[in-house]
Protein chains: 2
Amino acid sequence: MTVNDIARASGVSRATVSLVLRGSPLVHAETRNRVELELKRQGYVYNRGAANLRRRTSSSVALVINDLSNPFFAEFAMGVDEALVGEGYVTLLGSTGESPARQETLLASLMEHSPAGVILSPAEHSDGERLQRLLGPHTAVLVFNRELPGAGYDFLALDNRRGAWLATEHLLARGHRRIAFFGGHADSSSCQQRRQGYADAMIAAGIPPDPRWLIESAPTRVEASQRTVELFAHARAPTAAVCYNDNVALGLKLGLIARGVRPGLDFALTGFDDIPEAAQTTPPLTTIAVEPRARGRQAAELLLQRVRDRDAPTRQVVAPVQLVVRGSSGAPPS
Amino acid sequence: MTVNDIARASGVSRATVSLVLRGSPLVHAETRNRVELELKRQGYVYNRGAANLRRRTSSSVALVINDLSNPFFAEFAMGVDEALVGEGYVTLLGSTGESPARQETLLASLMEHSPAGVILSPAEHSDGERLQRLLGPHTAVLVFNRELPGAGYDFLALDNRRGAWLATEHLLARGHRRIAFFGGHADSSSCQQRRQGYADAMIAAGIPPDPRWLIESAPTRVEASQRTVELFAHARAPTAAVCYNDNVALGLKLGLIARGVRPGLDFALTGFDDIPEAAQTTPPLTTIAVEPRARGRQAAELLLQRVRDRDAPTRQVVAPVQLVVRGSSGAPPS
DNA sequence: CTGAAAGCGCTTACAG
DNA sequence: CTGAAAGCGCTTACAG
């Protein structure tokens with residue numbers, strides 16, 4: 001079951017078997033055939049770990065995800081894996097569940113397997129300096145989605161600002177003036193960026209956003225639904241809302257229905273992410289498509305470029321986003 | 001950055017460093033301190049691959065999933081990873097997208113990384129014999145969710161029959177007599193098992209299921225919604241439906257609403273899986289909870305037991321399922 | 001308690 | 001075109 005066994009059985013040296021395995025043209029066709037037959041016959045399986053040790057290479061990439069149960073990241077992971085497999089790498093998976101502590105033990109453990117690189121979607125409140133120490137100065141790293149303060153790594157992010165800007169523009173174009181930004185934690189960078197895009201569009205339209213139009217909520221349906229009341233707690237109640245993401249939008253929808261407000265008729269709302277459900281809910285959700293699987297493939301490619309060229313300048317890549325207009329933004333302003 | 005460097009710098013032999021690394025009590029406390037200080041100072045990272053090679057051990061487990069974009073499997077993967085990390089293993093991820101061909105190349109590639117075992121949720125129409133040849137006779141394997149015909153591997157499955165039986169019993173207890181089984185591909189084993197549980201309950205209640213009550217559909221909302229019409233295409237139209245899974249149930253719900261039939265009021269329906277959305281839709285969906293994350297942990301444990309005892313008899317484990325009653329099954333029979 | 005030596009399964013110059 | 005030898009980073013008997 002090792003090159004030795006194959007070599008002995010086919011009457012050549014280990015070196016020759018190795019050359020056959022790696023497809024070298026140096027070996028005679030007849031010898032190659034003999035060896036390959038023996039390989040099949042014995043059901044030989046290559047020990048890539050041993051080869052990596054000798055060649056000082058790696059054929060794995062670590063993928064550390066903050067929340068795999070979020071379909072957005074599950075799709076992202078599929079895209080990463082898809083692209084890596086295509087390039088002959090294997091994915092070492094780790095899921096942190098948003099815990100910086102778990103993230104650190106996980107990364108330490110993964111690093112012992114000498115991955116060629118790491119794709120990291122950081123847990124909230126990650127300690128950039130500690131992570132940098134864990135990862136060492138020579139590891140190829142691509143950070144995804146959330147900035148890692150104080151670490152000079154390549155970074156792939158969604159164009160949060162532009163996405164929220166597009167959504168806000170869309171509602172403004174439909175005649176809305178009192179537009180809320182609903183949901184998200186104000187201290188998360190993605191929420192800040194989306195709020196920025198929203199504010200930019202509002203100000204460009206000559207409408208300074210009323211602070212009462214900024215409503216925080218955990219990005220879950222249940223909490224979003226409960227916060228709905230805050231939208232209408234004052235005289236300048238909005239007629240539309242740009243939601244932090246689709247989950248929040250779906251929660252808001254429930255909250256509106258519970259109040260007898262019909263989404264898409266009495267009130268317009270937009271989401272962010274374009275999760276599969278967005279198209280299937282009633283009314284279907286106008287939202288910002290981010291194509292997580294394509295982002296996964298892109299992340300894998302960026303990382304492998306870094307693996308190949310460690311000295312290239314650091315890159316900040318912003319992935320395109322797209323407005324998808326559906327029924328939920330169909331309300332005329334009252 | 002290797003044991004050699006540490007040994008040299010702290011004035012001991014490689015062997016001593018190795019003993020320190022593995023926490024052996026053989027080494028003097030003072031020596032240990034000196035070595036450990038040097039370990040930190042140089043930022044040493046253990047090369048587990050090299051150690052595995054020498055010790056003929058493995059610290060990875062391959063996890064091959066047919067569809068990671070399905071939240072059920074994403075949760076399952078999280079559970080697996082969680083349990084494996086706790087036992088000092090790392091997860092090698094692979095996603096086949098239900099393609100047997102991709103599954104084979106993926107497994108071949110993963111096997112070259114010498115995993116301690118493989119957790120496999122087979123793609124539809126997998127070729128058991130070929131997979132068995134790929135995996136070799138010595139690999140610890142746990143098959144999840146879908147039977148792999150002709151392979152003597154440990155198998156963890158949901159109790160599909162009992163789940164459908166519970167749902168059917170529930171509808172019968174509410175007075176329904178004409179109950180459909182809606183959705184799923186009749187040639188998939190999970191659909192067959194669920195239909196069996198449904199038929200058992202119906203027959204036990206003295207109601208032989210009318211063949212017109214068996215309606216196939218791909219497990220997607222769109223198709224399920226389109227098939228709704230078939231329920232009502234004849235005189236013995238059902239008053240309730242046991243759905244193949246939650247997605248199908250949600251699709252059926254849309255289809256009912258489109259016809260002006262109110263789910264949970266004019267028509268009762270149940271799902272299967274208890275995806276997060278089941279509790280949040282209106283009316284909330286009565287369904288069968290399967291706890292995919294717990295199943296993932298269970299799968300990891302079963303596999304590791306097999307890793308530890310290769311000669312134990314093969315096991316078929318059926319995971320418990322649970323009826324969760326919510327509003328969607330609230331219709332009285334008309 | 002510590003060190004010298006052999007070896008895990010592979011690859012790669014280097015001779016021939 | 002093929003073979004003998006050294007070595008990747010680690011561990012583990014075996015002496016001392």
Nucleotide D/dC8, atom C1' - distance to CG of B/N4 in whole Å: 11 Å
Would you say D/dT12 has OP1 or OP2 under 4.0 Å from some side-chain N or O of B/R22? yes
Selection from D/dC10, D/dG3, C/dG9 that lies nearest to any side-chain heavy atom of A/V12: D/dG3
Closest to side chain of A/R56, choosing from D/dG7, C/dC8, D/dC8: D/dC8
Side-chain atoms of B/S13 come closest, of C/dG3, D/dA4, D/dT11, to C/dG3
Quiz question: by atom type and distance under 3.5 Å, do the side chains of B/S190 and B/N145 form a donor-acceptor pair? no
Distance-only side-chain donor-acceptor flag, B/N52 / B/S59, under 3.5 Å: yes
Verify the contact: side-chain N or O of B/S18 to OP1 or OP2 of D/dT11, cut-off strictly under 4.0 Å; return yes or no. yes
Does either side chain, that of A/Q305 or that of A/R308, offer a donor lying less than 3.5 Å from an acceptor on the other one? no
Can you identify which nucleotide, out of C/dG9, D/dT2, D/dC10, has its nearest atom closest to the A/R54 side chain? C/dG9
Minimum-distance nucleotide to B/L53 side chain [options: D/dG9, C/dC1, C/dG7]: D/dG9
Rounded to the nearest Å, what distance is computed from the CZ atom of residue B/R14 to the C1' atom of nucleotide D/dG7? 11 Å
Between atom CZ in B/R32 and atom C1' in C/dC1, what is the gap in whole Å? 12 Å
Tell me the interatomic distance from B/R48, atom CZ, to C/dG9, atom P, rounded to whole angstroms. 19 Å
Touch class at under 4.0 angstrom, heavy-atom based, for A/A51 against every strand present: sugar-phosphate
Looking only at side-chain N and O atoms, does B/T31 come under 4.0 Å of OP1 or OP2 in C/dT2? yes
Do A/T16 and A/S13 get their side chains close enough for a donor-acceptor pair, meaning under 3.5 Å? yes
Whole angstrom value for the distance that separates C1' of C/dG9 from CE of A/M1: 12 Å
Partner of C/dT2 by Watson-Crick or G-U wobble geometry, both contacts under 3.5 Å, or none? D/dA15
Separation of B/N52 atom CG from D/dG9 atom P, in whole Å? 16 Å
What closest approach, in Å, do A/R306 and A/T314 show between heavy atoms, and which atom pair accounts for it? NH2-CA, 3.6 Å
Rounded interatomic separation in angstrom, taking CZ from B/R55 and C1' from C/dG7: 15 Å
For the side chain of B/V27, starting at C-beta, report the closest nucleotide among D/dG9, C/dT2, C/dT11. C/dT2
Distance, rounded to the nearest Å, where B/L26 contributes CG and D/dA13 contributes P: 12 Å
Would you say A/T16 reaches D/dG3's phosphate, i.e. side-chain N/O to OP1/OP2 under 4.0 Å? yes
